[in-house]
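Below is one structure, written out as C-alpha cells; the observations come after it.
So that the names make sense, note that chain A is the first sequence line, chain B the second, and so on, each numbered from 1.
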Amino acid sequence: MYLWVFQHSIFFSGVGSYPDELNSVQQQAVMCKDGPIMVIAGAGSGKTRVLTYRIAQLIKTQVNPFSILALTFTNKAAREMKERVVQIVGGTDAQNVWIGTFHSIFARILRIEADKIGYPSNFTIYDTIDSKNQIKAIIKEYGLDDKVYKPGLVLNRISLSKNNLITPLLYSEDIMIQKEDQQSNKPRLGEIYQTYVNRCFNAGVMDFDDLLYNMNYLLTEIPEVLHKFQHKFQYILIDEFQDTNLLQYSIVKKLAALNENICVVGDDAQSIYAFRGANIQNILNFQKDYQDLQVYKLEQNYRSTKNIINAANCVIKKNNQQLHKEVWTHNEEGELLTVLKALTDNEEGRQVAHSIFDSKVNYQLFNKDFAILYRTNAQSRAMEEALRKINIPYRIYGGLSFYQRKEVKDLLAYFRLTINNKDEESLKRVINYPARGIGNRTVEKIMVAAEETNRSMWEIMANLKKHPIPISSAAESKVLDFVSKIKSYSFQAGTENAYKLAELIASSSGILKDLYDNQSPEALSKYENLQELLNGIKEFAENWHKNNLDGESDDFKGPYLSDFLQDIELLTDSDVGDPNDNDKVSLMTIHAAKGLEFPFVYIVGLEENLFPSQLAVNSRSEIEEERRLFYVALTRARKKVFLSYATSRYRWGNLIYCEPSRFMEEIDSKYLSFPDSLDGPPMNRGPQRSINWFRKKPKSTKTTHGHIPSPLKKSLVQLHKVAKKDNQDFEYDDTKGLQVGMEVEHQRFGFGKVLHLEGVLPNQKATVFFSSAGQKQLLLKYAKLKIIEN
DNA sequence: GTATTATCTAAGTCT
DNA sequence: TAGATAATAC
C-alpha cells in the first residue's frame, strides 16, 4: 500500500507528461486520453513503450484498472507489457488491468458466459493437433482420400472461414467458394466443415478459432453480454493491429462501440500473418470507421544502427503496398551487414556457430545477445548440431513444444477428459492407452453410435447399459470399467487439489507404469517429461496459493485441476522459459521473433525457394509478405546482422542446389560486407584447422572493429577446454576390447556392468546392467560406451 | 486384440 | 530424416 502511494506521488509530480522517457509524438499518443487513436509505429520506434505508458497514464487519471483492456497476439508480449506496467504503476493496479492475448482474454470471458451459447463452462480447447485428428477422422468416415483432402489444408480452410465470419451454412451457399472447391476437386469441404463444427460443439470443445468466433457470436447474439462488456471495458488498446483479421476486428469494434476509446498500434510493414487471414485493410477501414481518428506516426528508431535501418529500408521500399513512412535513427552508423556463404546446410550451421563463438569473444558478449532466425522450423537442426558441437548453449523457441509431445499430450488428455468427459479427441487418445483391451473395432462402433444419435462418444459409453450397442460383452465391460475410472477422476476434480489429483491420475491410469516398464531410452525420457509435467503442476499449485493468499485463504484446497488446464491450454513453449538459466543463444522462426530484439542477429537460409518460400514465389502479394518478413528479421537487430545462405541443402531427404535469395540483392551493396572466403572457415576442415580459425581474427571484424579485448585469450582457452572435454567423453567409441564383467559409462544411463556380449564388431551388441536404469541391450556403435575399468 | 516390422510420405509461418 | 501408418506376425 505504501509503495502504491509512493509510486503515485512520483507520478503526479511529473505534471502528467514524460519528457524524459518519451519523445514528443510518443507523448502525444500517450496523453491523448479519449477517442479513437491509431499509432503507426515503425520497427523499434517504441511502440510497446507508448502502450505501457498509455495504460499507466489512464490509471493515473483515475481510470479503474479493471476497465482497461489490452490485447496482444502472443503471451510473451502480454507478459512483457504487464511487467512494464507494473514497473511504472506498481503491482496491484497493473495486475488488475485486463492484459492478455486475444485468445486468452476471450477464453476467460467465454468461461463465464459459455452457457448462454450452449457450451459448458468447463469446455476444453483443441490445439492444432487435436483439430487435425478430428478432421482426419471425419475424412476417413466419409471414405475420402486424405491425399486429396489433406487434413492440414482442410483445417486451414475451415480456420480461414471462421476468421472471415463464414459459417458452414454461408460456406455451402457461397457460389464462389463452391466453385473454388469444385475446381480443386474437393467438393465436400463444406460438409466436412459442418461436421467438424457439430462434433466440436457436441464434445463441449472449442478450437483456437472458436475462441474468437464464439466471442463474436456471444456479442452478436446476446445483447446483455454485449452491454456488460461495452460498459466494462472503457479503454481498449490493441497491439500489432496490422495482424488482426476480420473476426478480431469485428469483436474489437463491438466492444469499443459505446465509448470509442480505442487505441490501436501497428506497422503495416510488419504485417506477416496475411496467410492466417490478417488483413492490412483493417488499418484503412479503421480510418473510415472512426471519423474523428487521431493518427500518430512514430518514425524514429531507437533500436538499430544506421546501417541496419538503411538496409531494411532498401528492402521494404520494393513493396508496392504500403503506407508512407520513413524510418530513421540517430544511432551510430555501426557495422556493415556480413554475408556468409556455405556449401551445405550443415556447413552453414558450423559457420554460424563459429561466427557466434568468434563474436562472443571479440566483443565480449553473452550467449543471450545472439539470435539465429530462420524461415522454417526444420532449419533449426543444422544450427543446433553445430552449436552443440562447440558447446554453445542455446534455446529453441517454437517447433514441437513440450505440451505437444505425445506422452505429455496423453497425460493431459486424461486431465482434459476428467474435466470435460465429452472431449472426443482426448477420449480417443486414452481410451486404449495404456492398452486395456478396447480395440479399434469397439471404438469405431462407439463413434458410429455417437454419429447416428448426434451425441458425444462419452454419452454413448456412459449409457451403454440403457442403450446397448453391438459390441461383445467383454468389450462392454472394459468400456464400463474405463467409464467408471474417468468418472471417479471427475468426481475428485471438484474436491481434490490439482497436484494430488494429477499424480493420482498419472499413476492409476497406468501411463507412468507403462513407460517405466518399457526400458528403452525413449521411454525413459518420456517418463522424465511426465515427471516434469507433474512438477510443473506442483509449482503451479504452490504459486497459486501465494497469489491467492489475500483472497479466499480459508480452508480452500485449490487450485483444482481445471485451473491448471486453463492456465496452460493457450501456452506455447516460448512461454515455458527457465528464467534462472537464460544465457543462451535464441533459435526461432522469424515469425516468433516479431516484437523481440537482440544485439546480434543471424538470418540464415537466405535462398530462393526457402526464403522467400517456394509457395510464395508465384504471387506478388505473397512475395511482399515474405519481404515484410525479411524486414522484420533485419529490424530485430540492434548492433549487427549476419546474412547466411548455403549453395546446397537437404530437403525431402535429398540434396538440392540453391541460389542466394533475391532479398539479399535488394540491399544496396554499400551496406554489405563479404568477408574474403579465405578468412572464413575452410570447408571440410578438421578440428585442428577450426581451432586455428578461431585464433585468427577474421577480416570482417578486423576492418570494422578496432581492437581485440584483452581477456580474449583467457576466454578462448577456457571455452576450448569445455568444448574438448565434451567431445572426449562421448564422441569417441573406445570400446575396443570390451569384455563381459567390465564397468562402463553411458551418456544417459550412467555407470553399469557388462553382462553379455554378442555379434561381431560393427554390429556388436552388449547387455549391460545400469544401477540407475536397469538392464539394457545396446548396439556398441551407437551407444558410445566408455570403459571405466576391467 | 496386441506388438513388431516395413513402408510411406511429408516439411510454412502461430494462437 | 523421422514420424505416422499399413502390414504382418503373434
Choosing from B:dT13, B:dT15, B:dG12, which nucleotide comes nearest the side chain of A:F275? B:dT13
Should the ring pair A:F663 and A:F630 be called parallel, tilted or perpendicular, given that the plane angle runs from 0 to 90° and is split at 30 and 60? parallel
Under 4.0 Å between a Lys/Arg side-chain N and an Asp/Glu carboxylate O for A:E625 and A:R620? no
Would you sketch DNA chain B in dot-bracket for me? Only Watson-Crick or G-U wobble pairs with both distances under 3.5 Å count, crossing pairs as [ ], other-strand pairs as |, the rest as dots. ||||||||||.....
What does A:S104 touch in the nucleic acid at a heavy-atom separation under 4.0 angstrom: a base, only the sugar-phosphate, or nothing? nothing
Distance, rounded to the nearest Å, where A:E240 contributes CD and B:dC14 contributes P: 14 Å
What is the distance, to the nearest angstrom, from the CG atom on A:L247 to the C1' atom on B:dT15? 13 Å
Would one find more than 12 heavy atoms of other residues, nucleotides or ligands at under 6.0 Å from atom OH of A:Y217? no
Residue pair A:I438/A:A592 against DNA chain B: nearer the 5' end by closest nucleotide is A:I438
Any N/O donor-acceptor pair, A:R375 side-chain to B:dT13 base, under 3.5 Å: yes
Which part of the nucleic acid does A:T442 contact within heavy-atom distance under 4.0 Å: base, sugar-phosphate only, or nothing? sugar-phosphate
Whole-Å distance, A:R649 CZ to C:dT1 P, equals 16 Å
Would you tell me if any nitrogen or oxygen in the side chain of A:N432 comes within less than 4.0 Å of OP1 or OP2 on B:dT2? yes
Write down the distance separating the P atoms in B:dA11 and C:dA6, rounded off to the nearest Å. 16 Å
Measuring from the side chain of A:A435 (C-beta onward, heavy atoms only), which nucleotide among B:dA3, B:dT13, B:dT15 has the closest atom? B:dA3
Here the distance between atom P of B:dT13 and atom CZ of A:R276, to the nearest Å, is 13 Å
Heavy atoms of other groups near A:K409 NZ, more than 12 under 6.0 Å: yes
Taking only side-chain N and O atoms of A:T589, does any of them lie within less than 4.0 angstrom of OP1 or OP2 on B:dC14? yes
Donor-acceptor check, side chain of A:T647 to backbone of A:L343, threshold 3.5 angstrom: yes or no? yes
How many Å lie between OH on A:Y213 and C1' on B:dT15, as a whole number? 19 Å
Does A:F123 have A:R111 sitting over its ring (NZ/CZ under 6.0 Å from centre, angle to axis within 45°)? yes
Looking across every strand, which nucleic acid part, if any, lies under 4.0 Å from A:Q614 by heavy atom: base, sugar-phosphate, or nothing? nothing
Please confirm whether the backbone N or O of A:Q248 pairs with a side-chain atom of A:N245, one donor and one acceptor, at under 3.5 Å? yes
Just the rounded figure in Å: distance from P of B:dT15 to CG of A:L110. 19 Å
Output yes when a side-chain donor or acceptor of A:Q379 lies under 3.5 Å from a complementary backbone atom of A:R375, and no otherwise. yes
Any A:K136 side-chain nitrogen or oxygen under 4.0 Å from OP1 or OP2 of C:dT5: yes
Starting at the 5' end of DNA chain B, which residue's closest nucleotide do you reach first, A:G439 or A:L615? A:G439
Donor-acceptor pair under 3.5 Å: do we get one between A:Q379's side chain and the base of B:dG12? no
How many Å lie between CD1 on A:I590 and P on B:dG12, as a whole number? 15 Å
Side-chain contact check for A:H103: nearest option of B:dG12, B:dT15, B:dC14 is B:dT15
Please state whether the base of B:dT15 and the side chain of A:T74 form at least one donor-acceptor pair under 3.5 Å? no
A:F102 near the nucleic acid: base, sugar-phosphate alone, or nothing, with a heavy-atom cut-off under 4.0 Å? nothing
Is there a side-chain contact between A:N440 and the phosphate of B:dG1, meaning an N or O under 4.0 Å from OP1 or OP2? no
Okay, side chain of A:E240, backbone of A:F73: is any donor-acceptor separation there less than 3.5 Å? no
Can you check the A:L71 CG to B:dT15 C1' distance for me, whole Å? 13 Å
